Amino acid sequence: MSLSVFLLPAALAITTGLAGQLEQQVEQGEFYKINTNMKDEQIMQQALENRGNAVTVTDDQIEASIGKVDIYFQRQEDNTISAIFHKDVAVEDAREFIKNTYEEYTHVVQQNTYEKLLQRAENEGLVLQTETKQKDNTIVLTFNVER
Amino acid sequence: MSEQIRIKITPNGEIHAKTIGMDDESCLDLVPILEDLLDAETVSSEFTEEFLRAQIHGKTEVQAEVQRKKQQITDERNS
């Protein structure tokens, strides 16, 4: 072994810690906002739908509905997407919703990364040798480097 | 021993890559390739102890070397 590299997909914001996705909550009149590490609208839409939410996409935002509760998602200046909740929604419920959505989002990111890697590796001289899945669902791929 | 790279993709989206059987600086060439392959950005990188035993390099030099390699590849692509 010679080099160890830690990478983060473009769909995720780099923060000092991945747990930072729930770190900021900002009051906005009748609404409040919870910032997230999510950056990709399509993956977010897929994650919301995977969790059974009704999703509406407009030009500038994504709206998800759970029963009578609507949640809005808006892109921020730092390119991350924040969730906007009405003040009637309990903060703990909102945080739980974001936590669950984020878990599904990263699951989709993992799958996308895996598929991308398998599709593109051989063109870069990487030949797949072994593929395993660990107990925690981490995917481990070993490639021969041919150059 | 053949040259290999092991890539772990965790359920929280993180990607950890380790080269195996590469004892020279050519392993740094893989960093920009991985970034392109995975649509990802390098957060951190370091030489492993095995490499350090074979080469006289410090961890602090790795980021500079990676940047140099990335620039070199960009220059080659643009020329």
Side-chain angles (χ1 to χ4, degrees), chain A residues 1-16 18-19 21 37-40 43 102-147, chain B residues 1-59 61-67 69-70 73 77:
Chain A
M1 287 183 284
S2 45
L3 183 69
S4 173
V5 188
F6 168 38
L7 304 105
L8 214 50
L12 294 171
I14 297 174
T15 63
T16 50
L18 284 177
Q21 69 266 22
N37 278 355
M38 297 180 270
K39 290 168 71 179
D40 189 299
I43 296 176
Y102 186 71
E103 278 179 10
E104 182 59 28
Y105 181 94
T106 57
H107 174 69
V108 176
V109 169
Q110 182 195 31
Q111 275 307 118
N112 288 356
T113 302
Y114 166 75
E115 287 164 17
K116 232 179 274 180
L117 181 56
L118 288 190
Q119 283 167 10
R120 299 173 176 177
E122 206 153 320
N123 287 340
E124 296 292 346
L126 304 180
V127 180
L128 183 64
Q129 294 302 299
T130 62
E131 175 181 338
T132 56
K133 201 169 212 178
Q134 297 178 333
K135 281 182 184 172
D136 68 350
N137 284 328
T138 293
I139 300 167
V140 184
L141 302 158
T142 305
F143 295 89
N144 272 356
V145 180
E146 297 186 354
R147 49 184 178 168
Chain B
M1 185 180 180
S2 61
E3 293 183 334
Q4 292 187 316
I5 185 161
R6 181 163 295 148
I7 300 172
K8 293 184 178 183
I9 311 167
T10 71
N12 64 9
E14 294 177 14
I15 304 160
H16 300 269
K18 254 186 186 177
T19 59
I20 302 166
M22 295 185 195
D23 290 332
D24 60 30
E25 290 183 9
S26 66
C27 58
L28 292 170
D29 295 342
L30 286 171
V31 176
I33 291 173
L34 286 175
E35 290 184 342
D36 279 352
L37 271 179
L38 302 162
D39 290 333
E41 192 177 338
T42 301
V43 178
S44 65
S45 58
E46 62 182 43
F47 288 128
T48 58
E49 285 183 16
E50 289 86 343
F51 182 87
L52 292 171
R53 278 198 292 269
Q55 303 279 324
I56 305 171
H57 270 279
K59 282 184 184 178
E61 294 179 19
V62 177
Q63 299 295 353
E65 275 297 307
V66 169
Q67 285 305 320
K69 288 282 182 186
K70 284 163 81 170
I73 288 169
R77 282 177 182 165

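All values derive from a computational prediction rather than experimental measurement.
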Ignoring hydrogens and angles, tell me if any N or O in the side chain of B/Ser44 forms a donor-acceptor pair with the backbone of A/Phe6 under 3.5 Å. no
From CG (B/Asn12) to NE2 (A/His107), nearest 0.5 Å: 13.0 Å
Engaged part of A/Glu146 at the chain B interface, taking heavy atoms whose separation is under 4.5 Å: neither
Residue pair A/Asn144 / B/Ser2: nearest heavy atoms and the distance that separates them: OD1-OG, 3.7 Å
State whether the side chain of A/Gln110 and the backbone N or O of B/Ile9 hold a donor-acceptor pair below 3.5 Å, judged by distance alone. yes
With sequence neighbours excluded, residues passing side chain to side chain contact (heavy atoms under 4.5 Å, CB included) with B/Lys8: A/Gln134, A/Thr138, A/Val140, B/His16
Part of B/Leu37 within contact of chain A (heavy atom distance under 4.5 Å): both
Residue A/Glu131 excluded, over 12 heavy atoms near CD under 6.0 Å: yes
Are A/Val145 and B/Thr19 side-chain neighbours, meaning at least one heavy-atom pair lies under 4.5 Å? no
Please enumerate all residues that pass salt bridge (Lys or Arg N to Asp or Glu O under 4.0 Å) together with B/Asp39, with sequence neighbours excluded. A/Lys116, A/Arg120
Structural part of A/Val109 lying under 4.5 Å from a heavy atom of chain B: side chain
Quick one: closest heavy-atom pair of B/Gly13 and A/Leu12, and the distance? CA-CD1, 4.1 Å
Pairwise side-chain contact, B/Ile15 with A/Pro9, heavy-atom cut-off 4.5 Å (strictly under): yes
Could you check whether any side-chain heavy atom of A/Leu126 comes within less than 4.5 Å of a side-chain heavy atom of B/Ile5, counting everything from C-beta outward? yes
Within a reach of under 6.0 Å around CD of A/Glu122, are more than 12 heavy atoms found that belong to other residues, nucleotides or ligands? no
Side-chain heavy atoms of B/Arg6 within contact of A/Leu141, under 4.5 Å: no
Write down the atom of A/Leu7, the atom of B/Ala17, and the distance for their closest heavy-atom approach. CD1-CB, 4.5 Å
Please round to the nearest 0.5 Å and tell me the distance separating atom CD1 of B/Ile7 and atom CG of A/Leu128. 9.5 Å
